[in-house]
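The structure appears right after this line, and notes come after that.
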Amino acid sequence: MYRIVRKEALKPTVILYEIEAPMIAKKAEPGQFIILRVDELGERIPITIHDFDREKGTVTIIVQTIGATTEKLSHKQEGDCLQDFVGPLGKPTETEGKKKVCVVGGGVGCAIAYPVLKKFHDCGAEVHAVVGFKNKDLVILEDKFRAVSSVLKICTDDGSYGQKGLVTQALQELLDEGNVYDEIFAIGPMIMMKFVSKTTAPYGIPTTVSMSPIMIDGTGMCGGCRLTVGGETKFACVDGPDFDGHQVDWDLAVKRNQMYSEFERRKYEETCNLFKKEAE
Amino acid sequence: MPNMSLKKNEMPSQDPNIRNKNFLEVALGYTEEQALDEAARCLNCKNHPCVGGCPVNVKIPEFIKKINEHDFEGAYQVIHETSSLPAVCGRVCPQESQCEKYCVRGIKGEPVGIGRLERFVADWHNEHSTEQPARPASNGHKVAIIGSGPAGLTCAGDLAKKGYEVTVFEALHLAGGVLVYGIPEFRLPKSIVQKEVDGLKAMGVKVETNMVIGRVCSIDELMEEYGFEAVFIGSGAGLPMFMHIPGENLKGVYSANEFLTRINLMKAYRADSDTPIMDLHGKKVAVVGGGNVAMDAARCSKRLGADVYVVYRRGMEELPARKEEVEHAIEEGIIFKTLNNPVQINGDSEDRVASMTCIEMELGEPDASGRRRPVEKPGSEFDLSVDAVIMSLGTSPNPLIKSTTQGLEVNKKGGIIVNEDGLTSREGVYAGGDAVTGAATVILAMGAGKLAAKSIDEYLMSK
Ligand SMILES: Cc1cc2nc3c(=O)[nH]c(=O)nc-3n(C[C@H](O)[C@H](O)[C@H](O)COP(=O)(O)OP(=O)(O)OC[C@H]3O[C@@H](n4cnc5c(N)ncnc54)[C@H](O)[C@@H]3O)c2cc1C
Ligand SMILES: Cc1cc2nc3c(=O)[nH]c(=O)nc-3n(C[C@H](O)[C@H](O)[C@H](O)COP(=O)(O)OP(=O)(O)OC[C@H]3O[C@@H](n4cnc5c(N)ncnc54)[C@H](O)[C@@H]3O)c2cc1C
Ligand code: SF4
Ligand code: SF4
Ligand code: FES
């Protein structure tokens, strides 16, 4: 079983879990993910590896509570165990040989962006970071970002912290200021990654995005995670999750992710009701 | 006196119009009486042609004779000498093209129901036997098995009996391979597979789930760091194929693997499962393909409330699925649109599947495989209105093991190359089952696991 050794609510709905998984910790690289199941009959959900400690044998993940499974997870406490935890899956992000990069993160995607950003930094690149949140209350990991980036722009939709507006505006400003990047790396909601890719396209800057389609096995067996990239079918769990943002068929990817919205809404309600009843 | 009836004893089954709404087992199994009556049809032929048709040469007349003698446990022991998964094979072997194809009773009338008898004997054993598998004394040698399908489970079992310390590494959270994620409950109850896995554990086999070999640890590391002296690769052929036609990534297009995994492994048909599946009540589904996988996908769709078409480019005669599955599918109300091939899937404004454009086919000259090649009839395109499409076109071996193992050779189709002992191009590394042959059958995978166990034993004993 996979024990939760540390749990820390970064925000009420954004929770960090440090999980005992020595073999995964030994192999994990930035950009890779794990798949977990909270309990028997639970769904398999993919979560990016935020950090790992090879000596301690732990893997850290940051999870946003948005539906039934992440809600169930949020009720697990330190010392509790997860039913299943498998990885590291997917290809690591390529961070070698870059001189200057800009990492763009949106919302909880920032949790995923962090290890990639740090690896770029450790590989000797000059790193700029643009991170966006809905409002001040949802800002996470600011200190960690500051420590590894020479320019950090924090945006909030409502202007309650940092600069008001979308990450694409802040990115545009950096580009207008004459910054030339070897690569732009975007992680966040699909719609954000789509517009980051649109923003960088006229500049011809290689833009990598970390795709998050619906997955089941994560080993290339089901094909459920497939995307159309450059006119070809790719399996995000084995060919990705990183892809060339200028080649992704965004509209299809966004729609495929909404495949089960109705079921998900219903399950979420059921789960919340269940926990409410237990609390009574 | 043999029973000279020309017909097999019929298999008692759930009524088609009831079973096509539930996931309980379709075929209920022979009663003792039926089994005895069927066993009496065997002529105990001296040259027993049936045995040659079985890939693992189950001693068919011998086990049937034991049934005649009311010695059901004895019959089980005879089968178990050569087959480790009789309860599974009795249910899923394509008997009509293997053992039963060569049965002399089939020359005039129907062959002996060998598979049904095998199932009867195995179920009888599972129900009545209280004997716990003994835990053999360890011989101190460690062997790693990758994949817990029929190939891996069989190899593990045979080695464990000889005293090897065996660890099975499985990528998914449950052991059993296709037997748990692919073949549906109504054809192969999962409790049967679980019993096999529990039996192995009782013999001391360690089963490590959630271990994707090649990612969490490579074969080289298993051998160098973890002290495994030999490795058996039974990783199957899990990579689904697509047709690469327009519209294949629309919402509502599944690979059969995804659809069946959601249903079988994740239990999406149950209300208490957290895994979603498309709501198919009152919807139309097209299943593309004609093999066992297609039949399973079609019959699962039916059970989820859909009207189902099987779209296959050859004719009814050419369907590669087990005969019984096709018969069951027809009884359950599945509509066969044979001699048709999809050319495009069309979506609505939300990118949901709305219809599939097909073209009619006719059979031309025989191809290399001897089957008549389907050719398109020009101008015969038509639209089939459907809400979901399930691609059941076959699978190929997953490249992960190959790409992470130095010097492991594979053929053009990605199958691992082995010699007649099941040995790969790497010393101490053996392989078998679908990972070698591409998608095949349970019994062939099991046979390959047995062969590799024997070779691994000889290799380690002579080292
Ligand atoms: C490679 C990858 C990495 C990810 N990393 C993180 C991460 O680090 N932190 C984080 O909070 N989230 C991450 N996600 C998203 C996370 O998997 C979903 O939030 C989670 O599955 C939601 O489950 P739920 O039951 O709570 O919500 P639901 O109500 O089931 O779903 C809410 C939304 O999440 C998405 N989703 C649902 N099921 C899946 C699934 N099986 N696979 C992928 N997406 C799904 C859909 O867009 C859906 O509309 C990642 C997804 C992928 C594919
Ligand atoms: C839907 C369906 C219906 C079928 N019906 C029939 C039938 O009626 N009769 C019949 O005879 N045959 C049938 N078959 C075919 C039969 O199931 C297969 O030929 C057989 O299961 C192959 O056995 P295997 O042990 O080689 O591989 P599999 O059963 O595929 O098992 C391989 C296992 O290895 C695991 N694995 C893969 N890669 C890794 C890795 N890197 N690390 C760790 N584990 C890994 C997989 O998760 C899987 O559990 C059917 C197949 C399907 C898909
Ligand atoms: S194992 Fe399969 S082929 Fe062999 S006798 Fe049994 S049913 Fe027939
Ligand atoms: S060929 Fe048929 S009748 Fe003869 S021994 Fe085999 S099963 Fe019996
Ligand atoms: S999640 Fe199944 S193939 Fe990628």
Side-chain angles (χ1 to χ4, degrees), chain A residues 2 21 23-24 26-28 32 34-45 67-69 72 83-90 214 216-228 232-235 238 249 251-264 266-267 270-271, chain B residues 170-174 181-182 208-212 214-218 221 225-226 235-242 244 247-262 265-268 270-279 347 349-352 391 395 398-400 403:
Chain A
Y2 309 86
M23 288 188 77
I24 303 176
K26 205 168 147 195
K27 278 304 179 69
Q32 290 187 298
I34 55 91
I35 284 186
L36 65 81
R37 274 200 328 151
V38 177
D39 51 26
E40 203 55 55
L41 283 174
E43 186 183 11
R44 294 171 66 98
I45 65 163
T69 303
K72 273 190 188 171
Q83 182 83 24
D84 298 294
F85 198 76
V86 52
L89 301 169
I214 293 180
I216 308 181
D217 58 299
T219 67
M221 182 269 278
C222 76
C225 63
R226 66 195 189 281
L227 302 165
T228 309
E232 279 180 48
T233 293
K234 297 280 181 192
F235 290 4
V238 286
D249 182 335
D251 295 341
L252 195 59
V254 169
K255 282 186 185 140
R256 272 185 72 86
N257 253 37
Q258 293 154 359
M259 173 89 195
Y260 298 109
S261 345
E262 227 173 280
F263 177 96
E264 285 157 354
R266 190 158 33 86
K267 269 283 162 191
E270 275 174 27
T271 309
Chain B
E170 168 56 47
L172 294 171
H173 58 260
L174 205 62
Y181 80 71
E208 302 269 4
T209 50
N210 295 325
M211 295 292 267
V212 183
R215 287 272 188 237
V216 71
C217 163
S218 66
E221 286 165 332
E225 286 176 34
Y226 293 90
S235 52
L239 195 73
M241 294 186 210
F242 287 93
H244 305 293
E248 221 171 1
N249 292 349
L250 290 168
K251 263 159 64 177
V253 184
Y254 289 93
S255 77
N257 270 6
E258 179 187 355
F259 187 74
L260 292 170
T261 298
R262 284 181 183 278
L265 183 70
M266 306 309 298
K267 308 272 173 272
R270 283 165 51 171
D272 57 356
S273 170
D274 289 342
T275 301
I277 186 104
M278 212 175 141
D279 181 0
S349 59
E350 280 303 300
D351 281 344
R352 264 186 310 248
M391 291 291 175
T395 51
N398 189 312
L400 184 60
S403 64

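First the proteins, then the strands, lettered A, B, ... as listed; each starts at 1.
- Contact count versus chain B (heavy atoms, under 4.5 Å) is highest, among A:K26, A:E270, A:Q83, A:R44, for A:R44.
- No side-chain heavy atom of A:L227 sits under 4.5 Å from any side-chain heavy atom of A:D249.
- Heavy-atom minimum distance, A:V238 versus A:G220: CG1-N, 3.8 Å.
- Looking at heavy atoms from C-beta onward, B:E258 lies out of side-chain contact with B:P240 at the 4.5 angstrom threshold.
- The candidate with the highest count of non-hydrogen atom pairs below 4.5 Å against chain B, out of A:Q32, A:E262, A:R256, A:E40, is A:R256.
- The distance from the OG1 atom of A:T228 to the CG atom of A:D251 is 11.0 Å, given to the nearest 0.5 Å.
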Check: Given the rule in the salt bridge (charged side-chain N to carboxylate O under 4.0 Å, His left out) test, do A:K267 and B:D274 qualify, once you have shown the distances and angles that lead to the verdict?
Finding: CA-CA 7 Å; A:K267 269 283 162 191; B:D274 289 342; 3.7 Å; yes
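- With respect to chain A, the highest number of heavy-atom pairs below 4.5 Å among B:N249, B:N257, B:L265 belongs to B:N249.
- For B:L260, no part lies near chain A; criterion is any non-hydrogen pair under 4.5 Å.
- Of the two parts of B:Y181, only the side chain, counted from C-beta on, holds a non-hydrogen atom closer than 4.5 Å to a non-hydrogen atom of chain A.
- Annotation: side chain of B:E221 is in contact with side chain of A:K27 (closest heavy-atom distance under 4.5 Å).
- The 12-atom threshold is exceeded at CD of A:Q258, counting heavy atoms of other residues, nucleotides or ligands nearer than 6.0 Å.
- Contacts of A:I24 with chain B are made by both backbone and side-chain atoms, with heavy-atom separations under 4.5 Å.
- Both the backbone and the side chain of B:S273 come within less than 4.5 Å of a heavy atom in chain A.
- Looking at B:S403, there are no atoms closer than 4.5 Å to chain A (heavy atoms on both sides), in backbone or side chain.
- Ranked by heavy-atom pairs under 4.5 Å with chain B, the first of A:K72, A:R266, A:E232 is A:K72.
- Contacts of A:I35 with chain B are absent, with no heavy-atom separation under 4.5 Å from either backbone or side chain.
- Residue A:F85 touches chain B through its backbone alone, counting heavy-atom pairs closer than 4.5 Å.
- Annotation: maximal heavy-atom pairing with chain B below 4.5 Å, among A:P88, A:G223, A:A68, occurs at A:P88.
- Neither the backbone nor the side chain of B:L400 comes within contact range of chain A; no heavy atom of the residue lies under 4.5 Å from a heavy atom of that chain.
- Of the atoms belonging to B:R270, it is side-chain heavy atoms, and not backbone ones, that fall under 4.5 Å from chain A.
- In this structure, chain A has heavy atoms under 4.5 Å from both the backbone and the side chain of B:K251.
- Taken from OG1 in A:T219 to CG in B:L239, the straight-line distance is 9.0 Å, to the nearest 0.5 Å.
- With a 4.5 angstrom heavy-atom cutoff, B:M278 touches chain A via backbone and side-chain atoms both.
- By the 30° and 60° cut-offs, the orientation of the rings of B:F242 relative to A:F235 is perpendicular.
- Residue B:H173 comes nearest to B:M266 through the heavy atom pair CE1-SD, 3.6 Å, listed as atom of the first residue, atom of the second, then distance.
- Of the listed residues (A:G224, A:A28, A:G218), the greatest number of heavy-atom pairs within a distance under 4.5 Å of chain B belongs to A:G224.
- Only the backbone of B:E248 has a heavy atom closer than 4.5 Å to any heavy atom of chain A.
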Next item on the list: Mind running side chain to side chain contact (heavy atoms under 4.5 Å, CB included) on A:I214 and A:N257 for me, showing each step along the way?
Entry: CA-CA 6 Å; A:I214 293 180; A:N257 253 37; 3.9 Å; yes
